[in-house]
Number of protein chains: 2
Amino acid sequence: MQRLNFFSRFILGYGVRVTEPTGRRERKKAQTRQSLADAALELFLDRGYDQVGVKDIADAADVSVTTLFKHFSGKEALVFDQDDDLEAALVSAVRDRTPGTSIPQALREHILLNQTRFAVHATDPRFADFTRMVQETPALRDYAHRMWTRHEAALARAIAEAAGAPEDDLGCAALAHFALETRGLILRHAEPSRAADEAFALLEHGWAASHPAS
Amino acid sequence: MQRLNFFSRFILGYGVRVTEPTGRRERKKAQTRQSLADAALELFLDRGYDQVGVKDIADAADVSVTTLFKHFSGKEALVFDQDDDLEAALVSAVRDRTPGTSIPQALREHILLNQTRFAVHATDPRFADFTRMVQETPALRDYAHRMWTRHEAALARAIAEAAGAPEDDLGCAALAHFALETRGLILRHAEPSRAADEAFALLEHGWAASHPAS
DNA sequence: TGAAAAAGTTGAGTCGTTGCACTTATTGAG
DNA sequence: CTCAATAAGTGCAACGACTCAACTTTTTCA
């Protein structure tokens, strides 16, 4: 548990900013942030999200509540890493897809990989607890979903460009929306890869009907 | 503005419970509820959702805050009607579709009708304000979306039955999910009917590929 | 060295929401 | 008709997330 929100990047993708802090000030700031996130994760896993108050976390990290909110936009944000290059990865999955692959196929692969990457860690019981907590706490479930769908517009633009359609093409917007929405289906059902297959089968066939060769 | 949340049923559909209250007690209860909803609507439209506190609403309706929360589960609930037969309507749209219509087609028609019914009232400036407020206030936007997608499981079951698929068929679940998710696309874009066309084109073609005659 | 900038603290306050103990009005059964 | 059960409503205190304003301390850099 050395990293800030070590688990969380497996939930949403791999989007951790690695910019090393240079001066002493920034290092201290980063450290405070880290302490808060660590304390929060530990307390949350211990007692459950709703059983921990921000006060408890601030106390455990030995800072004031006000300071906590200077570092994190809200209680839920304590659980998740920033998703800085999540959008870039999404866009790149479409633009730089291996030739011969359709856009929906590329998205299926990318999203499935992203959302099931954590299966590798299924052996770690702490991690299982973490994912269960996220899925079972409405506030966290919603927050994760918002983070994930935040880049819909960018994805829609990337798709439009890749398909040679106008930037605001409705079909591309629809594909982007639906593709991101598969996350819910994939996470809910027991066999993620099969769920992804079924969901994207719909999208692939529908897409192929109007966009012959992309 | 005689009805409780007169506008709101046009946002989510037509789901107003019409069971007349019989005894004096129930009539009084209904009236209190009505007063609260009226006061809330008026204040919200006047000052904006976030600029009105529950205290203000309770005061305007001349009841205590505690009473307000006995009638409504939360501040957002003051804005929306109950959605009792919204689910029934959704299921019926699939099951009782006119013969020869595909399931996605039936859904497209039903959802589009449901979500754009309010266009009739576009002339009423108060109504325009109302919809704008709902779309621009995150809490309300999310709440409306939650209300709308609440019946996804029921819809999935209805689709499965209509298609002769197993009750927990993944393709049917996916169609249900996507179909309900078109709401966002439809509401966001300026030409709702065209947005619905594009979004459902994807779904219809994808669906037809695996479900020949339904 | 000295002053701007930024991190942190403290304490009070807002707002939605709940719990508790209480009063009052309505109802239905004897 | 009466009385006890039921349910609406009240007032108040509290909690938890979050914000604000005024202030101290630390770090930076010219």
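Keep in mind the model is a prediction, meaning the values are calculated, not measured. So you know, we letter chains A, B, ... as the sequences are listed, proteins then strands, and number each from 1. When reading the values below, keep in mind they use all heavy atoms of this one structure, side chains included, and skip hydrogens, waters and symmetry mates.
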Practice item. State whether a side-chain donor-acceptor pair under 3.5 Å links B:Ser35 with B:Thr32. Key: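 No, no side-chain donor-acceptor contact under 3.5 Å.
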
Taking [atom1] from [X] and [atom2] from [N], how many angstroms apart are they, rounded to a whole number?
X: B:Arg33; N: D:dG9; atom1: CZ; atom2: P; result: 12 Å
X: B:Glu26; N: D:dA8; atom1: CD; atom2: C1'; result: 12 Å
X: B:Asp50; N: D:dA17; atom1: CG; atom2: C1'; result: 15 Å
X: B:Leu36; N: D:dT10; atom1: CG; atom2: P; result: 9 Å
X: B:Gln34; N: D:dA8; atom1: CD; atom2: P; result: 17 Å
X: B:Lys29; N: D:dT10; atom1: NZ; atom2: P; result: 14 Å
X: B:Gln51; N: C:dC15; atom1: CD; atom2: C1'; result: 13 Å
X: B:Arg27; N: C:dT26; atom1: CZ; atom2: C1'; result: 11 Å

Side-chain N or O of [X] versus OP1/OP2 of [N]: is the shortest distance under 4.0 Å?
X: A:Lys28; N: D:dT27; value: yes
X: A:Lys70; N: C:dA7; value: no
X: B:His71; N: D:dA8; value: no

Point to revise | Donor-acceptor contact present, side-chain B:Arg108 to main-chain B:Phe200, <3.5 Å | key: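 Judged by distance alone, no pair lies under 3.5 Å.
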
Point to revise | Backbone N/O of B:Leu180 and side chain of B:Trp148: donor-acceptor pair under 3.5 Å | key: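 Such a contact is found between B:Trp148 side chain and B:Leu180 backbone.
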
Review point. Of B:Leu68 and A:Phe69, whose closest DNA chain D nucleotide lies nearer the 5' terminus?
Key: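 Whichever sits nearer the 5' end wins; that is B:Leu68.
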
Exercise for review: Decide, yes or no, whether a salt bridge links A:Arg132 with A:Asp129 under the criterion of side-chain N to carboxylate O below 4.0 Å.
Suggested key: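 Yes.
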
Practice item. Inspect the contact between B:Arg146 and B:Asp142 and indicate whether a charged nitrogen and a carboxylate oxygen are less than 4.0 angstrom apart. Key: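 Looking at B:Arg146 together with B:Asp142, the answer is no, because their closest N to O distance does not fall below 4.0 Å.
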
Check your understanding: Between residues 52-67 of chain A and DNA chain D, which residues have a heavy-atom gap below 4.0 Å?
Key ->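 When residues 52-67 of chain A is checked for heavy atoms under 4.0 Å from DNA chain D, the hits, listed by number, are A:Val52, A:Gly53, A:Val54, A:Thr66.
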
Check your understanding: Checking A:Lys75 against A:Phe44: charged group under 6.0 Å from the ring centre and within 45 degrees of the axis?
Key ->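 Pair A:Lys75/A:Phe44 does not count as cation-pi.
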
Exercise for review: Would you sort out whether B:Asp168 and B:Arg157 count as a salt bridge (Lys or Arg N to Asp or Glu O under 4.0 Å), showing the intermediate values?
Suggested key: CA-CA 7 Å; B:Asp168 60 343; B:Arg157 253 177 281 121; over 6 Å; no

